[in-house]
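The structure under discussion appears below in the form of structure tokens.
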Amino acid sequence: MVKVPIVEATVTLLSELSHGRRLLTTGQYRPHIVIGSESQRVAICNGNRMTENYLGVIFVGGPEEMTPGETADVKLALMYFPEEPYNEVQPGATFTVREGPQVVGHGVIRSRGLESFPLPLPSPGGAPRH
């Protein structure tokens, strides 16, 4: 098991989404966040290449599901730490939630703590090992 830092954030799903998001406390919802303006609604690209810094996170706390337009306090595991230091992910930082290039929500980091969430290590074959 690898332990990674947890941040607390307030997240709002966009009201125009066709459906909500489920499994938010089980570690199965793994979008990206992009630090920047909460009002951004499209990815910044140079041709076909996205030029923003996508940071992988895992929802590990908060409500079990959220509906479009809903705001909730959540916990996010910084899943690629320490290889990715997540230096920009600090209290007060605003971000958008991404599923690929699609912006599905926005939020603000409230705290970054020493609490950690255990992740299974990938095995050489790619499957998680415990």
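When reading the values below, keep in mind they use all heavy atoms of this one structure, side chains included, and skip hydrogens, waters and symmetry mates. Positions are given from 1 along the sequence.
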**Report entry** Which atom of R110 lies closest to which atom of A9, heavy atoms considered
**Finding:** NH1-O, 3.0 Å
Report task. Determine the minimum heavy-atom distance between E64 and T26, stating which atoms define it. Result -> OE2-CG2, 4.0 Å
Query - Shortest non-hydrogen separation from V11 to M66 and the atoms involved - result: O-CE, 3.5 Å
Query raised in the report: Are the side chain of S111 and the backbone of G113 linked by a donor-acceptor contact shorter than 3.5 Å?
Result: no
Report task. Answer yes or no: is there a side-chain heavy-atom contact under 4.5 Å between V4 and M79? Result -> no
Requested in this report: Determine whether F81 and V89 make a side-chain contact, defined as any pair of heavy atoms from C-beta on separated by less than 4.5 Å.
Outcome: no
Report task. Decide side-chain contact (heavy atoms from CB on, under 4.5 Å) for L55 and L78; before the verdict, give the C-alpha distance in whole Å, the side-chain angles of both, and the deciding distance to 0.1 Å. Result -> CA-CA 8 Å; L55 300 167; L78 306 182; over 6 Å; no
Report task. Dump the intermediate steps for side-chain contact (heavy atoms from CB on, under 4.5 Å) on E52 and Q40, then the final yes or no. Result -> CA-CA 12 Å; E52 301 164 295; Q40 184 177 348; 2.7 Å; yes
Query raised in the report: In terms of hydrophobic clustering (I, L, V, M, F, W, Y; side-chain heavy atoms under 4.5 Å; direct or indirect links), are Y80 and I109 co-clustered?
Result: yes
Query raised in the report: Could you walk me through whether Y29 and V74 pass the side-chain contact (heavy atoms from CB on, under 4.5 Å) check?
Result: CA-CA 12 Å; Y29 184 54; V74 300; over 6 Å; no
Report task. State the NE2-CG distance between H32 and N53, to the nearest 0.5 angstrom. Result -> 9.5 Å
Report summary line: T25 and P63 have their tightest heavy-atom pair at CG2-O, 3.6 Å
Query raised in the report: Of the non-hydrogen atoms in F95 and E38, which two are nearest, and what is the gap between them?
Result: O-CG, 4.1 Å
**Report entry** Student check: side-chain heavy atoms of E65 and L23 closer than 4.5 Å
**Finding:** no
Query - Closest non-hydrogen atom pair, F59 against P31 - result: CE1-CG, 3.6 Å
Query raised in the report: How would you list, by chain and number, every residue that makes a side chain to side chain donor-acceptor pair (under 3.5 Å) with T94, sequence neighbours excluded?
Result: none
Query raised in the report: How many angstroms lie between atom CG of L76 and atom CD1 of I6, to the nearest 0.5 angstrom?
Result: 8.0 Å
Query raised in the report: Between the main-chain N or O of G56 and the side-chain N or O of Y86, is there a donor-acceptor pair closer than 3.5 Å?
Result: yes
Query raised in the report: Given the rule in the side-chain contact (heavy atoms from CB on, under 4.5 Å) test, do L17 and Q102 qualify, once you have shown the distances and angles that lead to the verdict?
Result: CA-CA 10 Å; L17 295 176; Q102 181 182 6; 4.0 Å; yes
Report task. Could you go through the side-chain hydrogen bond (donor to acceptor under 3.5 Å, both in side chains) check for T67 and E70 one step at a time? Result -> CA-CA 5 Å; T67 58; E70 184 176 359; 3.2 Å; yes
